Each structure stands twice: as structure tokens, then as C-alpha cells.
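I have placed the structure first, in the form of C-alpha cells, so that the comments after it can refer back to it.
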Amino acid sequence: MSTRVDLGTVFKGSPSGKIVQAQGSTLELKPDQVVIDIAYSGLCGSDLFFRTRDDMVLGHEGVGVISQVGRDVKIHKVGDRVGWGCNHNACGYCKQCWNGQDVLCPERQMYGFSDPEFGSFGDRAVLNAYFVHKIPDEIPLRLAGPLQCGGATVYGAITSAEIRPNDRVGVVGLGGLGHLAVQYLRKMGCDVVLFSQTSGKKEQAQELGATEFVAVKENPSFEGVKPVDYLLVSTSQQPDWTQFFQAMSPRGRIVPLSVSFGKMHHPYADILMKELTIMGSLVARRQVHREMLEFSARHHIEPWVEELPMTEDGVNTAFDRLEQGDVRYRFVLKSQRTDAQ
């Protein structure tokens, strides 16, 4: 006999861009799935791309407590504190999956591109148990949401780029991704250089662990700045690549992190003359996601958050302010269910 799960209240986009409250679907709980009663959800910059979609539940930085498990689930139990991010399924048998690269699976199910009921802005979520991650006890649920995508994106890039202790790493932008990148890199023993347009965030960058701060508008030629071995670009808009190529050491690696659908224009000759590498990094695969959560717990990596209620007004306020850049540095939406933690 099948078990049906009512998703309860959910929040979707609309053609006007206004986020609207709706009644979620009733789904069948499959043998390999779990039901998560959502407690919090982070709001990510990539959510902005989908706010005009009226056919999908928004959000992909969800955390909560498992309330039901499918009959074949062995790795989770009722009561577990868990979270999930962008990717919530893969085929399990292709070359990428066998190599542990589930986020590159041709049949991956990524937020915004498959399964419109997947979102974390709502009362409940029904997900494949193998794409759900246990939250270490040391991490409060209200702080765990932004780690599911923001933390996973940054930590995954650091891992993929093979950044090591003592490497000199530049971070462009102190925002939702950048403020996490500085913390991870510093705890890993890197020399962290924060590039920001003005000096307004210098004290915060130093508080987070940056060893050096460069105000780009005040020093556009990076005079006196020792070149960096790696450059993580976390700004919502692409930087002036010609300018930032000046900051790179020979054979340096540049890793764009935030989503941009514009074309990338860069000085071709500089790539050759310095033997630079520009590498993509999507989001952490499952094993690296787990390692990210463990590292975050062990080293007390915490996103700076502003909490708002998960109501129609609260969600719209968060979206509007995020679009205007009025947040330091992540919004977290708290479920209004009476039994929410």
C-alpha cells in the first residue's frame, strides 16, 4: 500500500516576479525516498533566475528533520537533521556516477531544470535518500541552509582546483559566496587576498580571516599586490578579466563561482603567456558535500545570516533585497509551521 505525502504550503514564482503562496502537491513516497519537514531554507542568488516561474517550488538550500522514510532507506532514520542542495538525483550507473561525479551525470536532476516540486520554500520535501546529507550536531539548523549550496559551491571549487595550505588565493567579492570562501581558505591555512570594489568591507573581510584586502577602484593596477596562485570569482557580475589577469601568478588558476549567462571576454594572449587555467566548478559532489559539512562543524565555519519568516511577505522581501544587493551575507527563511524547529 503506497504512502502519500502532502507537501503543504509552498512558495512559487509568477510571471510578474512576485513570489506567491500555493498549495503543494500530494506525492507518493517511493521506497528510496525520505520526507523532510523543512525548518529553514537559505536564499541563493541563483534563485533569482527562477522567480518568474509559476510552475515550480522555489528554493534549494533546505534543512529540516526527517519525518518518514521509504521502506528501502537504510542510511537515514526518522528524526535525523538533514539538508540538501542543487542536485537531488542522478542515474547511478554512467561513467560520471561511477567516478563519483554525480553532479555531472547526463541524467542529473538539478534545481530549476527538473522536478518542479523539488524546492525548499515550503512545509515538506520528498527526496532521494542518497542525495540528502546529515547535518552535524555542532551546526545549528538556522545556519546550515546556506551551506547546502553556498558552502558546497565554494568548498567544491577549492577541492576541484586542488588548493593547498600556504597557497596564495584571491577572492573577488565579499558576498554570499565570498564570505564563506574567506573562512574556508583561512582555516585551510591559505594566504587569503580579498578583492572588493571599495574599502567599505575591509574590516569585515579581516574579521572573517582575510590576510590582505585590495580596494579595486582605489588601486586598479594592483600596485604593490603580490600575485595570487588562485582566484575565486564570487561576484554576481563578471569582473574586468583584463584587469584581474594582472593579479595572477604564472600557471595560476581562475575559478568562476557565481552564475552568469553572459559571454566571457578575456585577453587571449595572457592565458598563453602566463599559462593560466580557467576552470569551471559547478557544486560539490556528494562526498565533497559531506566533507564540507564535517569541515564546517570542526572549524566553526558559519555564514552570516539575516532571518526572515517563510511567508509570502517574508520571501518577497528577501528576494527584493537580494536583487538589490541589500544583504550581509545570506538570507535564511524560517518555516512558520507550528512544529518547526
Side-chain angles (χ1 to χ4, degrees), residues 1-13 20-42 47 50 53-94 97 102-103 105 107-137 141 144-145 147-149 152 283 285-287 289-290 293 310 315 333-341:
M1 186 174 182
S2 63
T3 300
R4 308 289 293 178
V5 180
D6 182 357
L7 295 183
T9 298
V10 298
F11 296 88
K12 300 182 177 183
V20 296
Q21 180 176 313
Q23 178 61 40
S25 301
T26 299
L27 305 178
E28 178 183 353
L29 177 63
K30 297 178 182 178
D32 62 351
Q33 291 181 328
V34 296
V35 180
I36 303 171
D37 289 348
I38 298 168
Y40 297 90
S41 177
D47 289 318
F50 305 108
R53 292 269 299 270
D54 60 2
D55 61 341
M56 63 176 282
V57 181
L58 297 171
H60 62 286
E61 290 187 333
V63 293
V65 177
I66 292 178
S67 58
Q68 297 181 65
V69 298
R71 66 173 183 269
D72 294 340
V73 174
K74 306 297 183 185
I75 61 173
H76 297 297
K77 65 182 185 302
V78 172
D80 282 351
R81 303 161 72 248
V82 296
W84 75 96
C86 290
N87 195 35
H88 57 288
N89 216 336
C91 75
Y93 54 80
C94 69
C97 285
D102 51 273
V103 295
C105 171
E107 298 181 29
R108 65 192 178 193
Q109 293 185 19
M110 300 287 286
Y111 172 67
F113 299 96
S114 63
D115 188 0
E117 306 293 343
F118 159 72
S120 57
F121 295 167
D123 289 343
R124 291 175 201 86
V126 180
L127 298 167
N128 184 319
Y130 291 105
F131 288 80
V132 169
H133 306 276
K134 291 183 180 179
I135 306 295
D137 291 340
L141 277 183
L147 299 179
Q148 307 310 308
C149 180
V283 70
R285 60 188 188 273
R286 284 177 289 174
Q287 176 58 29
H289 192 122
R290 177 186 298 178
L293 289 172
M310 195 182 292
V315 176
L333 301 165
K334 186 182 189 302
S335 173
Q336 299 302 290
R337 294 190 344 269
T338 55
D339 60 338
Q341 300 205 358

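Because the structure is predicted, anything quoted here is derived from the model rather than measured.
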### Query
Quick one: do Asp102 and Arg286 make a salt bridge, cutoff under 4.0 Å?
yes
### Query
Sub-3.5 Å donor-acceptor pair from the side chain of His76 to the main-chain atoms of Val69, do we have one?
no
### Spatial distance of atom SG (Cys105) from atom CZ (Arg285) [nearest 0.5 Å]
14.5 Å
### Task
Establish, from distance only, whether the side-chain atoms of His133 and Gln148 form a donor-acceptor pair under 3.5 Å.
no
### Task
Would you check if Ile36 and Trp84 make a side-chain contact, meaning some heavy-atom pair closer than 4.5 Å?
yes
### Asp47 and Tyr111 side chains, donor-acceptor separation under 3.5 Å
yes
### Query
With Asp80, which residues qualify under side-chain hydrogen bond (donor to acceptor under 3.5 Å, both in side chains), at least two apart?
Lys77
### Message
I'd like to check Phe118 versus Leu127 (side-chain heavy atoms, cut-off strictly below 4.5 Å). Are they in contact?
### Response
yes
### Query
Which pairs, with at least one residue in residues 113-131 and sequence neighbours excluded, count as a salt bridge (Lys or Arg N to Asp or Glu O under 4.0 Å)?
Asp37-Arg124
### Message
Rounded at 0.5 Å granularity, tell me how far CG in Asp72 sits from CG in Asp32.
### Response
7.0 Å
### Query
Between His60 and His88, is any pair of side-chain heavy atoms under 4.5 Å apart?
no
#### Entry: Residues, nucleotides or ligands: over 12 heavy atoms within 6.0 Å of Arg4 CZ
yes
### Query
With side chains defined as the heavy atoms from C-beta onward, is the minimum distance between Val10 and Gln23 less than 4.5 Å?
no
### Task
Write down the atom of Ser41, the atom of Ser120, and the distance for their closest heavy-atom approach.
OG-OG, 2.7 Å
### Query
Less than 4.5 Å apart, any side-chain heavy atom of Leu29 and any of Gln68?
yes
### Message
Please find the pair of heavy atoms, one from Ala39 and one from Leu141, that lie closest to each other, and give the distance.
### Response
CB-CD1, 4.2 Å
### Task
Assess whether atom NZ of Lys30 is packed by more than 12 heavy atoms of other residues, nucleotides or ligands within 6.0 Å.
no
### Task
Would you sort out whether Phe11 and Val57 count as a side-chain contact (heavy atoms from CB on, under 4.5 Å), showing the intermediate values?
CA-CA 6 Å; Phe11 296 88; Val57 181; 6.0 Å; no
### Query
Is Arg71 close to Val73 at the side-chain level, that is, under 4.5 Å between some pair of heavy atoms?
no
### Message
Check whether Gln336 reaches the backbone of Lys334 with its side chain - one donor and one acceptor, N or O, closer than 3.5 Å.
### Response
yes
#### Entry: Minimum heavy-atom distance between Gly122 and Met310, given as atom pair plus value
N-SD, 3.4 Å
#### Entry: Residue pair Val103 / Asn87: nearest heavy atoms and the distance that separates them
CA-ND2, 3.8 Å
### Message
Minimum heavy-atom separation for Cys97 and Ala90, please, with both atom names.
### Response
SG-CB, 3.7 Å
### Message
Taking the side chain as everything from C-beta on, heavy atoms only, tell me whether Phe131 gets closer than 4.5 Å to Asn89.
### Response
yes
### Query
At their closest point, which heavy atom of Val283 faces which heavy atom of Cys86, and how far apart are they?
CG1-CB, 4.5 Å
### Task
Let me see the working for Tyr130 and Ile75 under side-chain contact (heavy atoms from CB on, under 4.5 Å), right down to the final yes or no.
CA-CA 8 Å; Tyr130 291 105; Ile75 61 173; 3.7 Å; yes
### Query
To the nearest 0.5 Å, how far apart are CZ in Phe50 and CG in Leu58?
9.0 Å
### Message
Within the 4.5 Å heavy-atom criterion, are Tyr93 and Glu107 side-chain neighbours or not?
### Response
yes
### Query
Going by an N to O cut-off under 4.0 Å, is there a salt bridge joining Asp55 and Arg53?
yes
### Task
Please determine which of Val35, Thr26, Val126 meets the side-chain contact (heavy atoms from CB on, under 4.5 Å) test together with Leu7.
Val126
### Task
Output the distance between atom CG (Asp137) and atom CZ (Arg81), rounded to the nearest 0.5 Å.
5.5 Å
